[in-house]
Amino acid sequence: MLRRSGTDAHAWGLHRFILAVQAGGIMARPILIDCDPGTDDAIALFLALGNPALDVRAVTVAGGNVGLHHTLRNARALVGLTGRAIPVIAGADRPLLGSFTSETRVHGENGIGGVDLPDGPPAAPGLAADAIRQALRQAGPADQPGAGLTLVGIGPATNLALALATEPALAANIAEIVLMTGAWAEGNVTPAAEFNAWSDPEALAIVLACARPITLATLHLTSQALCTPARIAALQDGPGTCRAAAAAIMATVPPTRRLAYAGHPQHDACAIAWLLAPEIFTHRDVHAVVDCTNGPGRGQTIIDRWSRLALPPNARLLDTIDPDRFFALLAESIAHLP
Ligand code: BDR
Ligand code: CA
């Protein structure tokens, strides 16, 4: 079966791509999303579930932006709104080391800005790390045609790290890991660290060391996907329960001081957009590590953008995104949801 890339899907136009997928001529890319919804995780889930170029095999959940009881409920509710029968599985409620800290200033007490969504289907049985390993096993070795699984991590990396650390051989079945994590300049939770990296640096270190293709959407990238009042208004304008939920959730997020209050970054959906429309990004290969010390640098990602250390690259750093094409892709994909 022909596998058509996200680039082709974008160039083709989503509608023709959908018709081709429905006709059975094209295989969607299998992915698993590990998340902590989270206002921006919600938008990322809608983008992925609304676009037929992606075959979302499972959604695994960690505590992050808010506690696991909220993030799990939110993930179930968001997947439920899309009407898709995709398993949602609970994972870690705390980092590998240290204690759990939430980010309610951005995401509200319930994680989706206080927006009240109808309850979704129950969580699938089991634990996230087991589900990740099972999905990898089912996907087969990534060097075989049509096999392999792409892992998208848009929360603390705990679940992904637990899966990789407990069965390292399954890394061979990973086609790519796309992470919203880190910052090559200043952070958003400490001066040095971005929230996901800071929430579980040891887990991120395990993932960065897995020797599979890794793509990083850092703060510098996601700050370019600025969700302005005009962009929220554009999304509000149209039919669909998911569109209304997306716009309502976006509207709750306070504008970011770091970005002169012009809007807020749509962090997590950038990781999904990379898989759908790589042509709207620029990127470079880098060597990246994370600071796991207990000082002020904890959680900082040290990203060698200019190869100063002459170390072999272990990640692809997304440098720029075309924000207008990103928000167009988002609107077009969400329009395919109920
Ligand atoms: C990341 O941290 C969380 O607050 C967001 O959901 C995103 O994944 C941004 O730093
Ligand atoms: Ca997130």
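Remember, it's 1-based here, ligands and their atoms both numbered in the order they're listed. The chain is numbered in sequence order, starting from 1.
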Q) Does CZ belonging to R94 count more than 12 external heavy atoms closer than 6.0 Å? A) no
(Q) I'd like to know whether T60 forms a side-chain contact (heavy atoms from CB on, under 4.5 Å) with I132, so could you lay out the CA-CA distance, the side-chain angles of the two residues, the decisive distance to 0.1 Å, and finally the verdict. (A) CA-CA 8 Å; T60 53; I132 294 167; 4.0 Å; yes
Q) Of T222, D41, T181, which is the lone residue that meets side-chain hydrogen bond (donor to acceptor under 3.5 Å, both in side chains) with H267? A) T222
What are the polar N/O contacts of ligand 1 with the protein below 3.5 Å, with distances?
residue, atom, partner, partner atom, Å
ligand 1, 2 (O), N196, OD1, 3.4
ligand 1, 4 (O), N65, OD1, 2.5
ligand 1, 4 (O), H107, NE2, 3.0
ligand 1, 6 (O), D40, OD1, 2.6
ligand 1, 6 (O), D40, OD2, 3.2
ligand 1, 6 (O), D41, OD1, 3.0
ligand 1, 6 (O), N65, ND2, 3.0
ligand 1, 6 (O), D268, OD2, 3.2
ligand 1, 8 (O), I154, O, 3.1
ligand 1, 8 (O), N196, ND2, 2.9
ligand 1, 8 (O), D268, OD1, 2.6
ligand 1, 8 (O), D268, OD2, 3.1
ligand 1, 10 (O), N188, ND2, 2.9
ligand 1, 10 (O), E194, OE2, 2.5

Q. Is E332 salt-bridged to R325, cutoff N-O under 4.0 Å?
A. no
**Q.** Atom name, D268 (N, O or S, nearest to the Ca ion (ligand 2))
**A.** OD2
Q | D237, CG atom: more than 12 neighbouring heavy atoms under 6.0 Å | A | no
Q: Return the name of the atom in D36, of element N, O or S, nearest to the Ca ion (ligand 2).
A: OD1
Q | Apex the Ca ion (ligand 2); atoms D41 OD1 and I154 O; angle rounded to 10 degrees | A | 130°
**Q.** Backbone N/O of D268 and side chain of D40: donor-acceptor pair under 3.5 Å
**A.** yes
Q: Indicate yes or no: does R316 engage E176 in a salt bridge with an N to O separation below 4.0 Å.
A: yes
